[in-house]
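Reading through the structure tokens given below for one structure.
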There are 2 protein chains.
Amino acid sequence: MERTVAVGTKFMLEVNASAILTHLRSAGRASVSALAKQAGLSRQAVSRSLAVLESMGLVEISAPDRAATPTGRPPQMVRFRAEAGHVLGVDMQPGHARIVVADLAGDITSEATVSLPRKGLSRALTAAVGRVLDEAGLRPGDIWHVSAAAPGIVDPATGHFTLSVSMPEVVGDTILAGLRAAVEAPVYVDNDVKLATTGERWRGTPHAEDALVFIDWGERIGAGIVLHGQLFRGASNDAGDIGYLDLCAPPASEGDEDLGPFERWVGTRELLRLTGRAVTLPELAAAAGRGEDWAVSAIGTVGARFAKGVAAIRALLDPDVIVIGGDITQLGTGLLDAVTDALRAEQLAQPRLEISALGADAIIHGAIRHSLSWVERERFDVSAIRRV
Amino acid sequence: MERTVAVGTKFMLEVNASAILTHLRSAGRASVSALAKQAGLSRQAVSRSLAVLESMGLVEISAPDRAATPTGRPPQMVRFRAEAGHVLGVDMQPGHARIVVADLAGDITSEATVSLPRKGLSRALTAAVGRVLDEAGLRPGDIWHVSAAAPGIVDPATGHFTLSVSMPEVVGDTILAGLRAAVEAPVYVDNDVKLATTGERWRGTPHAEDALVFIDWGERIGAGIVLHGQLFRGASNDAGDIGYLDLCAPPASEGDEDLGPFERWVGTRELLRLTGRAVTLPELAAAAGRGEDWAVSAIGTVGARFAKGVAAIRALLDPDVIVIGGDITQLGTGLLDAVTDALRAEQLAQPRLEISALGADAIIHGAIRHSLSWVERERFDVSAIRRV
DNA sequence: CTAACATACTTACGGACCGTACGGAAGTAA
DNA sequence: TTACTTCCGTACGGTCCGTAAGTATGTTAG
């Protein structure tokens with residue numbers, strides 16, 4: 001029932017300034033006249049809005065550019081000040097963390113990968129972030145928003161980890177506390193696959209997809225789902241938990257009780273077991289590359305099983321594209337071919353399959369994208385623009 | 001890149017009028033002062049907006065109500081004119097159609113169920129709609145929007161049916177042409193399960209759910225999915241085609257080739273086959289009610305299989321609630337119990353299960369809701385309110 | 001070197017909207 | 001009848017937008 005109303009004529013300026021800022025952020029640099037033409041406003045209105053944005057430090061009016069028009073008076077150019085603020089992305093993985101600073105345009109300005117102890121993780125994280133900020137020449141107040149990712153289950157209300165099999169040290173508010181001590185900004189914590197999905201959609205191959213499913217395929221299997229252009233979480237923040245998809249997999253065998261049915265059936269643990277040898281994933285990939293039967297056969301079997309999962313996703317969601325990431329991508333396109341072959345037997349038209357173009361980087365890109373969305377909503381939106 | 005800008009001060013009036021209309025539509029009736037307080041505007045601003053809305057015929061200023069305030073001058077009451085326009089909902093089923101007229105508040109003002117021929121369907125539909133409008137005392141121009149539903153596959157771009165197994169007579173633009181000849185308004189045609197989902201979410205038991213899956217369970221099985229509060233269609237408008245969900249069902253047997261794996265496994269045809277007798281659904285329901293073994297057992301088997309489908313939906317989507325509709329609901333709650341029992345064996349927490357409260361009415365309610373959404377978007381939104 | 005032309009910026013004004021303020025209107029309670 | 005409460009209507013100042021006229025700063029042609 002909270003509906004926007006226009007209370008006072010200042011409202012118009014706010015609306016217009018916000019719209020102009022959006023234009024300018026996508027264009028990067030433009031003349032006042034060009035902005036006016038694009039926005040459908042008079043030059044005066046645009047100038048007024050720009051004056052406000054300039055006083056907020058969000059835009060900069062630079063010298064006239066004589067190259068912009070072939071004839072006539074050169075226009076003053078105006079530029080979005082991407083350096084007006086920064087966001088922080090953190091990707092926590094067992095033993096190490098990647099910390100990235102990006103400006104408001106999403107360009108990375110500073111980053112570091114640090115190894116972290118299992119004990120005293122919180123304080124070590126605070127110190128590491130402090131060092132990255134120092135390197136970038138930024139103070140804690142210069143960061144507007146922080147998004148952090150780690151494997152495990154997060155309570156979306158509090159940002160606390162309730163469970164993490166591979167990183168038990170992050171359970172509780174470890175990450176939250178460590179980051180809050182380092183910066184003066186809101187901190188968001190989420191599951192790494194969820195943020196990787198956001199990252200794939202932003203910086204991966206298929207940009208404009210309305211419906212995208214990202215599958216993190218390793219020993220465990222999880223998925224992120226983007227629908228209607230935004231990440232879908234589900235009733236208990238557990239949408240995309242396809243490790244527990246049960247497609248009549250055999251019952252759990254010895255030592256597999258911690259995995260879900262789909263993970264037991266197509267996870268990397270099962271894949272390596274199917275080879276009948278003691279090999280690692282890279283070794284398997286190499287053998288498959290040489291065309292050795294045992295390797296090709298194991299990949300074919302798992303690929304065909306995975307195809308059943310793809311078909312289930314297709315029947316229910318009918319996505320544009322399914323992006324595969326995670327450890328399994330070490331196997332390269334041979335895997336994709338195996339899945340695609342098996343899919344030909346399905347009755348429905350199947351979605352496009354792709355291997356993640358970003359790999360492990362998807363997570364950190366997703367974290368940055370999430371923080372930028374916060375900035376757009378909280379700092380660039382109509383309600384955030386007030387005349388000083 | 002189409003971003004709203006405030007071009008001219010009239011914009012403010014439009015914004016405010018639209019907001020006030022929204023308030024008024026949910027309240028039904030209110031005083032000017034009350035509206036001003038709720039909207040955070042001055043009485044003058046509200047009065048101006050109301051004058052515009054009145055000139056559009058959308059609101060009516062009625063006599064002062066002395067009961068509204070215990071003391072002081074009685075306020076003039078203002079009322080949303082739900083009768084300012086009407087929408088038409090049509091539910092086509094084999095052999096007959098239900099035609100409903102609703103006002104802008106969604107209240108049904110007139111309806112009829114007519115039997116239709118398979119030949120000359122288009123013209124018969126036109127005539128039937130004409131009679132319903134006559135009865136309601138409306139002219140074709142009084143209808144603002146039409147939504148029609150039928151079983152089958154619809155091309156969302158054109159509104160043409162590309163396939164309908166149970167109603168081959170609607171394939172093509174039959175419905176579209178028939179309705180366009182009867183009214184002077186945009187006509188929307190969609191699959192009946194999709195619209196039933198919309199109806200369930202609007203008028204069914206669980207109102208405010210963010211994630212709802214509606215399953216039409218009969219001989220065939222289809223689902224509608226509401227996510228982020230709106231119907232999800234998928235890349236090829238085929239999301240929710242769970243008849244083709246393959247949970248290791250046995251291969252197709254004689255005479256089942258037209259069904260998908262899930263339909264062959266849990267559809268009513270399989271259910272009746274499992275009884276080993278020549279019975280109809282109502283007979284099976286009655287026998288189960290009397291506790292006869294063969295009936296209870298068949299329902300238990302199919303219920304357990306269906307639970308596997310529920311679990312798959314849960315793993316992928318994690319919905320708040322799954323609503324079951326369709327022919328199968330003739331079996332009553334015994335079926336629901338069978339499914340719920342089987343779900344207890346699953347590892348993940350499962351969604352709430354409900355039997356459709358609306359039954360066959362869900363479709364027509366969904367059609368009305370869809371037309372009302374069109375009206376809200378096209379007639380009540382900021383851009384639609386222009387001073388005369 | 002100057003005039004013609006093209007484009008951009010600046011200033012001034014009218015129109016429209018909102019909020020505040022004040023007076024009148026229409027009730028109830030003493 | 002008077003006091004009080006609440007609502008309605010009008011007038012005024014403030015801010016925003018658009019239009020228009022004038023000024024500034026370039027290029028191009030002679």
Side-chain angles (χ1 to χ4, degrees), chain A residues 3-20 29-55 59 61-79 382 385-388, chain B residues 3-20 29-55 59 61-79 382 385-388:
Chain A
R3 197 172 158 90
T4 313
V5 291
V7 46
T9 34
K10 288 183 181 176
F11 174 76
M12 307 181 66
L13 188 69
E14 295 163 15
V15 169
N16 289 340
S18 178
I20 289 167
R29 222 172 93 92
S31 73
V32 180
S33 306
L35 284 173
K37 199 169 293 176
Q38 284 171 38
L41 290 166
S42 71
R43 261 199 315 281
Q44 283 71 359
V46 174
S47 289
R48 273 187 290 263
S49 292
L50 287 175
V52 174
L53 293 174
E54 194 182 15
S55 76
V59 306
I61 296 174
S62 50
D65 181 1
R66 65 164 48 95
T69 51
T71 172
R73 177 174 174 175
Q76 278 190 322
M77 300 304 283
V78 51
R79 185 181 73 84
V382 173
I385 295 174
R386 286 272 119 89
R387 167 153 289 196
V388 253
Chain B
R3 195 172 161 90
T4 313
V5 291
V7 48
T9 41
K10 287 182 183 176
F11 174 76
M12 309 183 65
L13 189 71
E14 294 163 14
V15 169
N16 290 340
S18 177
I20 288 167
R29 219 173 98 91
S31 72
V32 180
S33 307
L35 283 173
K37 201 168 293 177
Q38 282 171 37
L41 290 166
S42 70
R43 260 199 316 282
Q44 283 69 3
V46 175
S47 289
R48 272 187 290 262
S49 292
L50 287 175
V52 174
L53 293 173
E54 194 183 13
S55 76
V59 306
I61 295 173
S62 51
D65 181 2
R66 65 164 49 94
T69 51
T71 172
R73 174 175 176 175
Q76 276 190 324
M77 300 304 284
V78 52
R79 186 182 72 84
V382 174
I385 296 175
R386 286 270 121 93
R387 168 153 289 196
V388 252

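Reminder, nothing fancy here: chain letters follow the sequence lines and each chain counts from 1.
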| field | Student check: side-chain heavy atoms of A:L13 and A:I385 closer than 4.5 Å | value | no

| Can you check the B:L50 CG to D:dC7 C1' distance for me, whole Å? | 14 Å

| task | Report yes or no: does A:S49 contribute a side-chain atom to a donor-acceptor pair with the main-chain N or O of A:A45 at less than 3.5 Å? | result | yes

| query | Starting at the 5' end of DNA chain D, which residue's closest nucleotide do you reach first, B:S47 or B:A6? | reply | B:S47

| d(CD1, B:I385; C1', C:dA16) in whole Å | 17 Å

| field | Interatomic distance where CG belongs to B:L13 and C1' belongs to D:dC17 [whole Å] | value | 15 Å

Between N or O atoms, less than 3.5 Å apart, protein on one side and nucleotides 3-6 of chain D on the other: list the pairs.
unit_1, atom_1, unit_2, atom_2, d
D:dT6, O2, B:R73, N, 3.0

| Would you say a side-chain N or O of A:R48 is under 4.0 Å from OP1 or OP2 of D:dC17? | yes

| query | Which pair of non-hydrogen atoms, one from A:V7 and one from B:G40, has the smallest distance, and what is that distance? | reply | CG2-O, 4.0 Å

| What is the distance from CE of B:M12 to C1' of D:dT15, rounded to the nearest Å? | 9 Å

| said: Could you tell me if the side chain of A:V5 sits less than 4.5 Å from the side chain of A:F11, heavy atoms only? | reply: no

| request: Please check if the side chain of B:S55 supplies one atom and the backbone of B:V52 the other of a donor-acceptor pair under 3.5 Å. | output: yes

| query | What nucleotide among D:dG18, D:dG9, C:dT11 has an atom nearest to a side-chain atom of B:R43? | reply | D:dG9

| task | Would you mind reading off the distance between A:Q76 atom CD and D:dG26 atom C1', rounded to a whole angstrom? | result | 14 Å

| request: Taking only the side-chain nitrogens and oxygens of A:S42, find out if one of them lies under 4.0 Å from OP1 or OP2 of D:dG18. | output: yes

| request: Quick one: label B:Q44 by what it contacts on the DNA or RNA (base, sugar-phosphate, nothing), any heavy atom closer than 4.0 Å. | output: base

| query | Do you know the tightest heavy-atom contact between B:G8 and A:M12? | reply | O-CE, 3.0 Å

| Using a cut-off of less than 4.0 Å, is there contact between a side-chain N or O of A:N16 and OP1 or OP2 of D:dC16? | no

| said: Tell me the interatomic distance from A:L41, atom CG, to D:dT19, atom P, rounded to whole angstroms. | reply: 11 Å

| field | Atom-to-atom span, NZ of A:K37 to C1' of C:dC9 - whole angstrom | value | 15 Å

| task | Could you pull out all residues at least two apart from A:R73 that satisfy salt bridge (Lys or Arg N to Asp or Glu O under 4.0 Å)? | result | none

